[in-house]
Every structure is written in structure tokens, then in C-alpha cells.
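The chain is numbered in sequence order, starting from 1. As the structure is a prediction and not an experimental result, all values here were calculated from the model. Just so you know, ligand 1 is whichever comes first in the structure, and atom 1 is the first atom listed for that ligand. Hydrogens, waters and symmetry mates are skipped; everything else that's a heavy atom, side chains included, is used.
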Amino acid sequence: MIVEDTSEQAQLRAAVSAMARRYGHPYFVAKAKNNEHTDELWAEAGKLGYLGVNLPIEHGGGGGGITELTIVCEELAAAGCPLLLLVVSPAIAGTIIAKHGTDEQRAAYLPGIADGSHKIVFAITEPEAGSNFHRLGTTARRDGDDWVLNGRKCFISGVDEAEYVLVVARTEDTSSGKLAPALFVLPTDAPGLTRSRIEMEIVSPEKQWLLYLDDVRVPAPALIGGSTEADLPSLFAGLNPERITVAAMGTGTARYALERASSYVSSRAVWGRPIGSHQGVAHPLAHAQIQVELARLMVRRAATLYDEGRDVEAGVASNMAKYASSEAATQAVDTAIQVHGGNGMTTEYGVATLLGGVRAGRIAPVSREMILNFVAQHVLGQQKSY
Ligand SMILES: Cc1cc2nc3c(=O)[nH]c(=O)nc-3n(C[C@H](O)[C@H](O)[C@H](O)COP(=O)(O)OP(=O)(O)OC[C@H]3O[C@@H](n4cnc5c(N)ncnc54)[C@H](O)[C@@H]3O)c2cc1C
């Protein structure tokens with residue numbers, strides 16, 4: 001397995017990094033605190049082809065894979081701009097539509113995702129179902145040529161800045177007669193679709209929303225793939241890219257935090273020499289660095305397996321990458337704050353602003369406990385515990 005970037009990937013990494021560092025963490029924080037979006041950054045990333053690196057060339061993408069998209073996610077985060085909507089729009093929605101959409105859906109949605117002119121967010125989580133997606137209660141009922149959707153979704157990131165939302169609902173499976181999950185693309189201004197903001201303790205321009213679907217009527221082509229047979233493959237096609245790109249965002253954020261911390265401890269002197277010369281300060285940073293590098297290896301492995309179409313192995317590796325990255329990133333950011341002393345909690349030094357994002361990474365898109373359940377059951381062969 002190749003763990004180094006090819007020369008093309010290295011060029012992509014350097015170019016994304018250079019662009020993202022022109023914006024930087026102060027830009028990201030200012031947008032978050034002013035309730036604004038990172039429109040300039042998103043538009044530039046789209047124009048330069050970074051948002052569509054993983055999408056097919058014939059639909060305006062770069063023809064690469066999730067490996068290339070992890071590079072984009074990681075370098076943006078490593079410059080202090082961890083953009084969650086990269087995970088949602090190109091990674092989840094882009095992959096699902098590219099792999100399972102009809103020709104018309106691919107032509108309609110992929111070019112806009114790739115050039116950044118529109119975003120598609122993703123709505124699976126429901127207040128009552130939580131981690132148990134078998135309990136999803138949002139329904140899609142056929143009515144003539146239309147579908148009518150009803151239900152409630154929570155923690156939906158970025159609906160306010162998106163043109164479309166990809167909703168997971170249940171339809172009646174034509175072959176079994178049972179309710180089965182299916183995906184629908186809805187315009188975010190569809191009649192009957194309303195939202196209210198969930199106030200979060202995360203410093204990010206990308207906000208979370210409750211979504212209410214009350215008799216939202218959409219035409220037949222809104223159904224991804226166009227068939228009412230149980231559509232688990234479409235759903236699962238998006239989940240591994242989501243986990244891998246979230247993991248890449250985590251390692252990028254951790255790199256940013258460790259860069260800031262290393263720079264600080266090299267110059268801050270309280271006993272006549274830089275505090276980084278004290279092992280009590282340097283060792284936790286070195287430990288965090290090692291954990292982050294290990295997580296980066298797992299992200300690379302997961303992305304490579306996914307791009308090679310080795311879906312079962314990719315599923316295991318994606319979960320492990322997400323777990324390793326979120327643990328490493330939380331530890332790295334916490335350590336970066338600690339070595340800054342009081343300055344770690346100031347706005348000026350800009351490290352505490354990372355904490356909410358990495359901490360949320362231990363919960364979403366799948367919690368650390370659900371990953372441990374998965375590994376215990378599917379890798380270690382233990383009985384399902386829930
Ligand atoms: C910042 C952020 C952004 C998000 N963006 C989106 C989005 O864009 N779209 C979307 O659809 N969702 C989104 N989510 C939702 C996210 O995917 C869920 O929060 C996550 O899946 C956990 O579900 P829950 O919050 O209902 O927790 P619950 O399922 O209620 O779990 C609560 C706790 O119990 C533990 N637990 C539950 N069951 C078990 C078990 N069987 N064994 C052991 N432990 C268990 C969990 O690990 C967790 O610690 C986002 C969440 C956050 C925080």
C-alpha cells in the first residue's frame with residue numbers, strides 16, 4: 001500500500017495549503033463569530049477544482065478519488081479552516097450521486113458541487129432514532145407522480161447555505177412491501193421544509209439545524225437512482241467517504257494545533273529558556289504528534305481501500321481512521337491549549353477555538369462507542385451487545 005503522496009497529490013496538497021493559508025484561522029473564526037459563511041474561500045476552492053477532485057471529469061470533477069478529497073480536507077484544516085461542508089457536499093452527496101444517481105441526476109447536481117456554485121447537505125439523523133438508524137421515522141409516500149415526505153431531522157449541518165438537502169427517508173419497498181430507506185434530493189426552499197437553528201458550543205461558520213418536513217412534495221426524479229427497491233447501497237456509498245474525510249479534517253486540525261503549540265513553546269521562556277526545553281511540555285506534544293501521524297496512516301489506508309473498491313476492508317478502515325483521528329485530534333488540541341498556559345484560552349492565540357470541532361468528532365458522524373461496537377462485533381467476532 002502506497003502511503004506517500006504521488007507527485008500529483010503532493011502538488012495538490014501544496015496548492016490547497018497555499019490557498020487555505022491565505023485565509024487562515026482568524027478568517028474562519030471571524031466568519032463564525034459574525035454568523036457569516038466562508039463564501040470567498042468556498043468559491044475559490046471551487047474555481048480551482050478542489051471541491052470536485054473526487055468527482056467524474058465528465059461532470060466537471062477532477063476524476064480523482066476520496067484520497068484526493070482527504071488531501072483537500074486535511075490541508076484546509078491544517079491551515080485553520082476545517083470546513084465541514086466538504087464532508088457533506090462533495091464527499092457524501094457527491095459520491096452518492098456519482099455512484100447511484102441516474103444520468104439526469106448526475107448531470108443536474110455534480111457540476112454545481114464541483115465548481116462550488118451549489119452545496120448539497122445531508123440529513124439522516126433524527127431526534128428519536130439517534131445512532132439507531134433502523135428507527136428512522138421520516139417517510140416518503142408516493143402520490144401520483146410525486147413523493148410526499150414527512151418527518152423531522154436534527155443536527156443537519158449547513159442547510160442555511162445549501163441549495164439542496166439529501167434526505168434519508170423510508171419508502172415502501174416494491175418487492176418486499178416493507179419500509180426501506182431511500183434517498184431524496186430536495187431543494188432547501190421546498191414548500192413544507194422549515195428549519196430552526198440549534199445553538200452549538202462549536203466555533204464554526206457552519207451551523208447545525210433542526211429540519212421539519214411537513215408534506216414536502218417533490219417530483220419523482222427527486223428519488224436517487226429512481227427505484228423504490230431498498231436502497232441501502234446508495235446510503236452506505238456515502239458513509240465511508242464521510243468517515244474518511246471527517247478523519248482527515250481531524251488530523252489537519254491537530255496539525256494546525258501542534259504547529260501553533262510548537263511555535264509558542266519555542267519562544268515562550270519563563271525559567272530563562274524556552275518552555276519547550278522542559279520535557280513536561282515537549283513530551284505531551286511529541287506524544288500527540290505520534291498519535292496524529294498514526295491516525296494519518298489509517299486515513300490513508302482507508303481512502304486507498306475505498307478508492308480500490310475494496311468496500312468491506314474500507315468499511316473497517318474508515319471506522320478505525322475516524323476513531324483514531326478524533327481521539328488524536330482531541331488530545332492534540334487539548335495539549336496545544338495546555339502548553340499555551342492562560343494564552344491557550346484567549347481569543348488572540350486561537351487554539352481553544354478548535355476544541356468544540358475536534359470534540360464533536362468523537363460523537364459525529366458516528367460516535368466512538370458505535371465504532372467500538374462495530375470493531376468488537378465485526379473484527380473481533382463478539383456478540384452484538386445492543
Ligand atoms: C457538529 C455536528 C454535526 C452534525 N452534522 C450532521 C449532519 O450534517 N447530518 C446528519 O444527519 N447528522 C449530523 N450530526 C448528527 C450526528 O451524526 C449524531 O449526533 C451522531 O450520529 C450521534 O447520534 P445522537 O446524537 O442521537 O446520539 P445518541 O444515539 O443518542 O447517543 C448518545 C450516546 O450514547 C452512546 N450510545 C448509543 N447507543 C449505544 C450503544 N448501543 N452502545 C454504546 N453506546 C451507545 C453514543 O455513543 C453516545 O455517546 C451532526 C452532529 C454534530 C455534533
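Close approach of ligand 1 to Ile202 is summarised as follows: ligand atoms under 4.0 Å from at least one heavy atom of the residue are 1 (C). Remark: ligand 1 atoms within the under-4.0 Å shell around heavy atoms of Pro365 are 17 (O), 21 (O). Atoms of ligand 1 lying under 4.0 Å from any heavy atom of Gly130, numbered from 1 in the order shown and given with element: 26 (O), 29 (O). The contact set between ligand 1 and Ala364, taken as ligand atoms under 4.0 Å from a residue heavy atom, comprises 16 (C), 50 (C), 51 (C), 52 (C).
A salt bridge links Glu199 to Arg197: at least one charged side-chain nitrogen sits closer than 4.0 Å to a carboxylate oxygen. The pair Asp115-Lys47 fails the salt-bridge criterion, with no side-chain N (NZ, NE, NH1 or NH2) lying under 4.0 Å from an Asp/Glu carboxylate O.
Closest protein heavy atom to atom 20 (C) of ligand 1: Ile363 O, 3.7 Å. The nearest protein atom to atom 8 (O) of ligand 1, hydrogens excluded, is given as Ser157 N, 3.1 Å; this is a heavy-atom distance. Distance from atom 39 (C) of ligand 1 to its nearest protein heavy atom, with residue and atom name: Met370 SD, 3.6 Å. For atom 9 (N) of ligand 1, the closest non-hydrogen atom of the protein is Phe122 O, 2.9 Å. Ranking the protein heavy atoms by distance from atom 44 (N) of ligand 1 puts Glu369 CB, 3.4 Å first. Thr125 OG1, 3.3 Å is the protein heavy atom nearest to atom 15 (C) of ligand 1.
With distances taken over non-hydrogen atoms, the option nearest atom 53 (C) of ligand 1 out of Gln208, Met200, Glu206 is Met200. Proximity annotation for atom 7 (C) of ligand 1: of Trp209, Phe133, Tyr386, Phe155, Phe155 comes nearest, heavy atoms only. When the options Ser131, Ser367, Ala162, Cys154 are ranked by their closest heavy atom to atom 27 (O) of ligand 1, first place goes to Ser131.
Here the SG-OH distance, from Cys81 to Tyr23, works out to 9.0 Å after rounding to the nearest 0.5 Å. The CD1 atom of Ile244 lies 11.5 Å from the CZ atom of Arg300; values are rounded to the nearest 0.5 Å. If you take OG on Ser204 and NZ on Lys33, they are separated by 12.5 Å, rounding to the nearest 0.5 Å.
Within the 4.0 Å cut-off (strictly below), a protein heavy atom is located near atom 1 (C) of ligand 1. Protein heavy atoms are absent from the space less than 4.0 angstrom from atom 36 (N) of ligand 1. In this structure, atom 4 (C) of ligand 1 has a protein heavy-atom contact shorter than 4.0 Å.
Ring pair Tyr264/Tyr349 is perpendicular by interplanar angle, where above 60° counts as perpendicular and below 30° as parallel.
Residues Phe155 and Leu239 do not share a hydrophobic cluster, clusters being chains of Ile/Leu/Val/Met/Phe/Trp/Tyr side chains in contact below 4.5 Å. When hydrophobic clusters are built by joining Ile, Leu, Val, Met, Phe, Trp and Tyr residues whose side-chain heavy atoms come closer than 4.5 Å, directly or via intermediates, Leu83 is grouped together with Leu55.
Close to ligand 1: Asn373, with a non-hydrogen atom less than 4.0 angstrom away.
Side chain of Ser262 to main chain of Leu258: a donor-acceptor pair is present (N/O by atom type, distance under 3.5 Å, no hydrogens or angles). In this structure a side-chain-to-backbone donor-acceptor pair under 3.5 Å is present from Thr188 to Glu163.
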